[in-house]
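Report on the structure given below.
Reckoned from all heavy atoms, side chains included, excluding hydrogens, waters and symmetry mates.
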Amino acid sequence: MNVIATEQLELSPANIKYFQDNGFLVIRNALCPQELADLQGDISGLISKMQENPTDEDFWFNDEIPEHWYKKEYSGNQVPATKETNEGETKRGIPFRIEYPVDKSLACKRLMGHPLVLKATEQLLGTKNFIPTWDSMVFKQEGEGVPIKWHRDASAASVDNEYPAIDIGYYLDEANLQMDNCLWVIPGSHKWDDLFASTMIEFLSDNGFKKAGAVPVPVKPGDVIFHNILVIHGSASCNSPLRRTVYYEYRAIEQELRKGPHKAEYIPLKQQLLVACLHERKAVEHFDKEQGGHSPFIYSPDEKYSVAPYDPSQ
């Protein structure tokens, strides 16, 4: 099921049910041409910086993503950064990920204030009390796209049943079946227990990237994919043109307090980040008017989670 950003001001009950049943949802045409161009420019600049400063721990290189990443034991400095060639020389692995683009790009900071996406996040989480928890940018380099193996973003034991945790991918480039660079998901797999999910991931990953029971999610530049972090998903290696995706994850505050993984002190810091991004969004409100007449998102958590007004000094 697709949501058309230029035709809807919020998700319909049918959209919400589709996400609850299948674990993913697509919003088409969420970004106007200028916002898309701003993001493409900033992200291309960050990718260039990876070549200039390859030892930065926020820049991840690898020929194959390590298994422990899928077990959520991963940190940037654990990625094998080099490999030995037949000649005995050392070179970088394939670049594929940049951590914390919101801190590195004004366009990414403004993107976090996207009103339709935040409204949809609020609807899908089922609460006004939420925070952004992670941000990253994953890309498939032209001609040598790194595979993202079948995985969940977390274990079922790490989240509770009251609220989903949601990852949102903003696509800056086309991804489709012809180029074999699109995301694949297994609908409904977010409802599986950890043991069954682990068994299925092992089966699908044995001897390649099997697609049994999976569906492709082709996108155009400016489309957005929401997925429950427990849904099994991945993408194959490819030699397609460059494919860039900016990811923002959101979780309910109540879930963070009960299950973590972050400490309570982290919550107001992330609330302030979201407030700052909403402030930056004001400079480009015309983007949202062009894409369906969307009004600015109002972040209004319950009083016990109230957040201070924007302070540019912080």
Side-chain angles (χ1 to χ4, degrees), residues 26 28-66 69 74 76 79-87 89-102 104-108 111 135-151 167-185 205 208-209 211 214 216-225 227 233-248:
V26 181
R28 302 290 182 189
N29 201 26
L31 305 178
C32 75
Q34 185 59 58
E35 181 163 26
L36 179 62
D38 290 348
L39 286 161
Q40 290 169 333
D42 276 15
I43 293 301
S44 290
L46 291 177
I47 293 173
S48 295
K49 287 183 179 179
M50 293 184 74
Q51 311 300 333
E52 301 166 6
N53 188 19
T55 59
D56 189 313
E57 64 178 13
D58 287 351
F59 297 156
W60 295 8
F61 296 74
N62 208 359
D63 289 318
E64 186 174 8
I65 300 173
W69 184 60
Y74 190 71
V79 182
T82 61
K83 66 177 183 180
E84 294 297 322
T85 67
N86 292 333
E87 295 77 21
E89 298 176 349
T90 299
K91 67 177 182 178
R92 299 298 310 192
I94 300 172
F96 72 96
R97 182 172 174 133
I98 297 173
E99 291 292 273
Y100 312 117
V102 169
K104 301 174 176 65
S105 159
L106 179 58
C108 288
L111 180 65
D135 58 285
S136 63
M137 194 283 293
V138 176
F139 63 101
K140 291 184 179 294
Q141 183 162 275
E142 182 175 2
E144 51 180 0
V146 169
I148 306 298
K149 292 181 180 180
W150 289 113
H151 70 285
D167 209 358
I168 300 168
Y170 293 84
Y171 281 75
L172 309 188
D173 306 284
E174 186 167 7
N176 58 41
L177 284 169
Q178 290 70 34
M179 293 190 287
D180 199 24
N181 65 345
C182 66
L183 182 73
W184 288 78
V185 304
S205 304
F209 187 83
K211 298 169 182 174
V217 190
V219 291
K220 296 285 189 181
D223 290 347
V224 179
I225 301 176
H227 74 263
H233 59 288
S235 61
S237 61
C238 63
N239 60 1
S240 71
L242 178 66
R243 195 210 80 178
R244 298 159 290 183
T245 311
V246 178
Y247 286 102
Y248 298 152

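When every heavy atom of Asn181 is checked against every heavy atom of Pro241, the shortest pair comes out as ND2-O, 4.4 Å. Contact detail for Val224 and Ala30: the closest heavy-atom pair is CG2-CB, 3.6 Å. For the pair Ser235 and Leu183, the tightest heavy-atom approach, listed with the atom from each and the gap, is CB-CA, 4.5 Å. Nearest heavy atom pair, residue Leu172 against residue Gln40, reads O-NE2, 2.8 Å. Across Asp223 and Asn29, no two heavy atoms sit closer than the pair OD1-N, 2.8 Å. Closest approach of Tyr170 to Tyr248, counting heavy atoms only: CE1-CD1, 3.7 Å.
One finds the OG atom of Ser237 at 7.0 Å from the NZ atom of Lys140 (value rounded to the nearest 0.5 Å). The CZ atom of Phe59 sits 10.0 Å away from the CD atom of Gln51 when rounded to the nearest 0.5 Å. The CD atom of Gln141 sits 8.5 Å away from atom CE of Met50, with the distance rounded to the nearest 0.5 Å. In this structure, the separation between CD1 on Ile168 and OG1 on Thr245 is 13.5 Å, given to the nearest 0.5 Å. Here Arg243 contributes atom CZ and Phe139 contributes atom CZ; the two are 11.0 Å apart, rounded to the nearest 0.5 Å. Distance SG/Cys108 to CG/Leu46: 7.0 Å, rounded to 0.5 Å.
Side-chain atoms of His151 come within 3.5 Å of backbone atoms of His233 as a donor-acceptor pair (strictly under, hydrogens ignored). Checking side-chain atoms of Asp135 against main-chain N and O of Val102 turns up a donor-acceptor pair under 3.5 Å. Side chain of Arg244 to main chain of Ile43: no donor-acceptor pair is present (N/O by atom type, distance under 3.5 Å, no hydrogens or angles). Of the possible donor and acceptor atoms, one in the side chain of Asp42 sits under 3.5 Å from a partner among the backbone N and O of Ala107.
More than 12 heavy atoms of other residues, nucleotides or ligands shown are found within 6.0 angstrom of NZ on Lys211.
Salt bridge annotation for Lys49-Asp56: absent, with no cationic side-chain nitrogen under 4.0 angstrom from a carboxylate oxygen.
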Checking Val146 against Arg97 for the side-chain contact (heavy atoms from CB on, under 4.5 Å) test, could you report, in this order, the C-alpha distance in whole Å, the side-chain angles of both residues, the deciding distance, and whether it holds?
CA-CA 10 Å; Val146 169; Arg97 182 172 174 133; over 6 Å; no
So Asp58 and Lys104, side-chain contact (heavy atoms from CB on, under 4.5 Å) or not? Walk me through it.
CA-CA 10 Å; Asp58 287 351; Lys104 301 174 176 65; 2.8 Å; yes
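Between Phe209 and Ile148, the closest side-chain pair of non-hydrogen atoms is not below 4.5 Å.
Qualifying side chain to side chain contact (heavy atoms under 4.5 Å, CB included) partners for Asp167, counting only residues two or more places apart in sequence or in other chains: Asp153, His227, Ile229, Tyr247, Glu249.
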